[in-house]
Amino acid sequence: MRSVREAWKAAVAATVADMLAEKGADPALSEAVAAEAPPDAAMGDVGFPMFPFAKVLRMGPPQIAAALAERLSAKAGQAPAGTVKAVGPYLNVFLDRASVAEQALSSRSLGASYGRSSSLAGSKVMIEFSSPNTNKPLHLGHLRNDVLGESSARILRANGAEVMKINLVNDRGVHICKSMLSYMAYGGGRTPEDEGKKTDHFVGDYYVKFNELKKEDPRAEEKAQELLVKWEAGDPETIALWKKMNEWAVGGIRRTYERTGVSFDKYYYESQIYLTGKDEVQKGLASGVFFKAEDGSVRVDLTPIGLEEKVLLRKDGTSIYMTQDLGLAIHRHADWPFDRLVYVVANEQQYHFKVLFYILKRLGYEWADSLFHLSYGLVNLPEGRMKTREGTVVDADSLLDSLRELALEEIQAKGREDAVGDPQDTAEKIALGAVHYYLAQATPSKDMIFNPKESLSFNGDTGPYIQYMGARISSLLRKRDRGEGGAAKGEVRPELLSSPTEWELVRLVSSYPEAVEQAGAEYNPAIVAAHMYAVASAFSKFYHDEPILNCDEPDRAATRLALSEAVLVVLKNGLELLCIPFLEAM
RNA sequence: GCGUUCGUAGCUCAGCUGGAUAGAGCGACGGACUUCGAAUCCGUAGGUCGGGGGUUCGACUCCCUCCGGACGCACCA
């Protein structure tokens, strides 16, 4: 469809250029030709508004549209297949439906490669996401980050980019020392195994218990600082405890990644790289990009970008967050020269990245322009922001567990345990589909409200709804394979796909690659998610309105089944991009 | 105070680089299972697109301003 659409746009633009030239106007103005979708399919498949040319051509838009329609009809042989019609100020095109349908059905043989493009071929993209702390388990906010990062990576790859996914684990700092201190006070040498707890949750519990410790010991905060100093000094006992607890935390977090289908090509640990960047700051100081303040700290002047100044090295010479990120970016580019480095980080850190990118630019790194902060909004609860201290954080594992339970109840209520094979596994996949879709369909940059009740619903615009359509089509195909229905005797004839519901499906199947490409260009999985829902919804209507396998006419049955298969290809590929498991039955 | 960002139906959100009567889902109300899976489909009700200016042939979309919310403006990460 894309090609046909683009061809029409080019044809219209060329004709407008002719008209402009005849009137002595600049033919280049024809670039203003824009393709749109008419509000009603009965008006045409593609529409071109003529308003922009009214002034230069000194003609009313309806007259221009009429003149264009005449000219384009006259050269029917050279123009793309289809017919044109002037509708008021618009020039509308009716595409040749049979050829678009044929194109849509070709997705069946392309299979998993349908929707792939080379729009980003040759480009190396590094994408950093998740970045967990090793003092507590993943929560809902991480799930949004993870699905955004993982899904963006998959979409970029689908568009031909070479992608490196990285995870920067925040495994050092005072907050880590707090959970260690708390464990020293209350742990008594116990292990996660002793309590039958998932290892990261075990560590997280001690982090929460630090609040109790603070009440009992007014010096708790100070002690955490002291512990950090000991850690930095390499105190063997401290390091040993730190290692043990980190293994628990990271191990548990990795299990959650496995559960959600998220993976990384490379892990970086802050404990190993937090000192990098110091050298870069020294170099910048020598070259005059930075300056030494009266108190001895090294700073950078940010007035050129409307900010004040930022400390890069404390007066005692120790580094801070910015110093580390500075060094890390430089090292990464040296390791793997990327064309694009994407940081998937919450929008709270806009300031940080604005400054980081500016400093790298000032240091003379040309690639600083290729850095991109994929900023996403917070996930809030109906009552407001999630707060660790108030215990309102929605834990990732528990959320998935409760969704799985609900899905399981649904399966049992419908008596589908046998049909589904493994009810537990199916329920888990439905839960994952529900969460990932919920998080992926939202526009990344916006804050979102996670309503537990609503997310527990599997009806309407949800992941399970889309999975359900996939299961229905799979069921049709199983029946076909068993010889049910008359499809086997029929012949696939694309021109039979002419009803409104069929055409809508054809249109959506054929425009799926465009959605993937746009999602890649904008780093926005929500575009794919919206397309998935549109396809699923259109299929549901089609399924309801038209007999497929049971259609009396063999050719029509075969063709409708072929369309269903094409829809299945789109659903499978799209769900894969969104980290939503596909289900043969549910 | 400054900066960023958001404000569309009761709720949660779409609305493509400004364009033809503002769209979904949930919730509410009313329908549709002897037929391919009802985790479905159909219908009804519900919006001065936060207020006000401006640019334009045309503004939910761009600019200004005011109101309201969120986030940020650490020698924390």
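Order of the sequence lines sets the chain letters (A, B, ...), proteins ahead of strands, with each chain counted from 1. Heavy atoms only: backbone and side chains are in, while hydrogens, waters and symmetry mates are out.
Taking atom C1' in both B:G46 and B:A24, one finds a spacing of 14 Å when rounded to whole Å. For B:G30 and B:A20, the P atoms lie 36 Å apart once the distance is rounded to whole Å. Going from the P atom of B:G58 to that of B:U21 covers 15 Å, rounded to whole Å. For the C1' atoms, the distance linking B:G47 with B:A22 amounts to 8 Å, nearest Å. With both ends at atom C1', the span from B:U5 to B:A45 equals 34 Å, rounded to whole Å. Straight-line distance between the C1' atoms of B:C41 and B:C63: roughly 46 Å, to the nearest whole Å. One C1' atom belongs to B:U55, the other to B:G18, and the distance between them is 11 Å to the nearest Å. Going from the P atom of B:U34 to that of B:A39 covers 15 Å, rounded to whole Å.
Straight-line distance from the CE atom of A:Met469 to the P atom of B:G25: 12 Å, rounded to whole Å. Distance A:Arg416 CZ to B:A38 C1': 12 Å, rounded to the nearest Å. Per the geometry, CD belonging to A:Gln518 stands 12 Å off C1' belonging to B:G15, to the nearest Å. Atom-to-atom, CD1 of A:Ile527 to P of B:C13 comes out at 18 Å; the value is rounded to the nearest Å. Put simply, CD1 on A:Ile449 is 10 Å from P on B:C11, counting in whole angstrom units. Across the protein-nucleic acid pair, A:Tyr523 atom OH and B:C16 atom P stand 21 Å apart, rounded to whole Å. Residue A:Gln324 contributes atom CD, which lies 8 Å from atom P of B:A77 at whole-angstrom precision.
Considering only side-chain atoms of A:Lys446, the nucleotide from B:A14, B:C41, B:U12 that sits closest is B:A14. Closest to the side chain of A:Lys479, from the set B:G37, B:G25, B:C71, is B:G37. Of the listed nucleotides (B:A77, B:G37, B:U4), B:U4 has the atom at the smallest distance from the side chain of A:Gln350. Comparing B:G37, B:A39, B:A20 by their nearest atom to the side chain of A:Val87 picks out B:A20. Comparing atom distances between the A:Pro49 side chain and each of B:G37, B:A20, B:G19 picks out B:G19 as nearest. Ranking B:G72, B:A20, B:A24 by closeness to the A:Glu348 side chain, first place goes to B:G72. Relative to the side chain of A:Pro38, the nucleotides B:A20, B:C36, B:A77 differ in distance, and B:A20 lies closest. Residue A:Arg314 places its side chain closer to B:C76 than to any other of B:A39, B:C76, B:C41. Comparing B:A39, B:U35, B:U21 against the side chain of A:Met586 picks out B:A39 as the nearest. When each of B:A39, B:C36, B:A77 is scored by its nearest atom to the side-chain atoms of A:Glu270, the top-ranked nucleotide is B:A77.
Within the structure, every side-chain polar atom (N or O) of A:Tyr465 is placed at least 4.0 Å from both OP1 and OP2 of B:U40. Regarding contacts with the backbone of B:C71, a side-chain N or O of A:Arg385 is found under 4.0 angstrom from either OP1 or OP2. In terms of phosphate contacts, A:Tyr376 brings no side-chain nitrogen or oxygen within less than 4.0 Å of OP1 or OP2 of B:A70. Put simply, A:Ser457 has no side-chain N or O that comes within less than 4.0 Å of OP1 or OP2 on B:G25. Between A:Arg472 and B:A38 there is a side-chain N or O to OP1 or OP2 distance below 4.0 Å. Dashed line: the shortest gap from a side-chain N or O of A:Ser475 to OP1 or OP2 of B:G37 is under 4.0 Å. Between A:Lys55 and B:C57 there is a side-chain polar atom (N or O) within less than 4.0 angstrom of OP1 or OP2. When the side-chain nitrogen and oxygen atoms of A:Tyr351 are compared with OP1 and OP2 of B:G72, none of them lie within a distance under 4.0 Å. Contact annotation: A:Asn459 reaches the phosphate of B:U40 (side-chain N/O to OP1 or OP2, under 4.0 Å). Checking the phosphate oxygens (OP1, OP2) of B:C41, a side-chain nitrogen or oxygen of A:Ser540 falls inside 4.0 Å.
Between A:Ser445 and A:Met43, the residue whose closest nucleotide on RNA chain B is further toward the 5' end is A:Ser445. Heavy-atom distances to RNA chain B give each of A:Lys315 and A:Ile548 a nearest nucleotide, and the one nearer the 5′ end belongs to A:Ile548.
Pairing of B:U56, defined by two Watson-Crick or G-U wobble distances under 3.5 Å, is not identified with any nucleotide. The partner of B:U21 is absent, by the rule that a Watson-Crick or G-U pair needs both atom distances under 3.5 Å. As the counterpart of B:A14, no nucleotide is assigned, since no Watson-Crick or G-U wobble pattern has both distances under 3.5 Å. Across the strands present, B:U5 finds its partner in B:G69; the criterion is a Watson-Crick or G-U wobble pair with both atom distances under 3.5 angstrom. Look at B:U40: its Watson-Crick or wobble partner, with both distances under 3.5 angstrom, is B:A32.
Annotation for A:Lys23: atom NZ counts as buried by contact number, over 12 foreign heavy atoms lying within 6.0 Å.
Contact of A:Asp171 with B:A77 (side chain to base): no donor-acceptor pair of N or O atoms is detected under 3.5 Å.
Side-chain atoms of A:Thr559 come within 3.5 Å of backbone N or O of A:Asp555 as a donor-acceptor pair. A:Arg144 places a side-chain N or O within 3.5 Å of a backbone atom of A:Gly377 that can act as its donor or acceptor partner.
A syn base is found at B:C33: its glycosidic angle is within 90° of 0.
We find that the ring of A:Tyr90 and the base of B:A20 stack, their centres lying under 5.5 angstrom apart and their planes tilted less than 30°. A distance cut-off of 5.5 Å between ring centres, combined with a plane angle under 30°, places A:Phe51 in a stacking arrangement with the base of B:G19.
In this structure, the ring of A:Tyr437 has its center no less than 6.0 angstrom from the ring center of A:Tyr465.
Heavy atoms of A:Ala526 sit nowhere under 4.0 angstrom from any nucleic acid atom.
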Original post:
What do the steps show when you test A:Leu148 against A:Phe129 for side-chain contact (heavy atoms from CB on, under 4.5 Å), and what is the final call?
Top reply: CA-CA 8 Å; A:Leu148 243 173; A:Phe129 63 101; over 6 Å; no
**OP:** Kindly indicate, with the supporting measurements, whether the criterion side-chain contact (heavy atoms from CB on, under 4.5 Å) is fulfilled by A:Leu143 and A:Val435.
**Re:** CA-CA 8 Å; A:Leu143 289 181; A:Val435 178; 4.0 Å; yes
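Counted by atom type alone, A:Ser511 and A:Glu514 present zero donor-acceptor pairs between their side chains at under 3.5 Å.
Taking the six-membered ring where tryptophan is involved, the planes of A:Phe353 and A:Tyr343 are tilted, since the angle between them lies from 30° to 60°. Ring-plane geometry between A:Tyr321 and A:His352 is classed as parallel, the angle between the planes falling under 30 degrees on a 0 to 90 degree scale with a further cut at 60.
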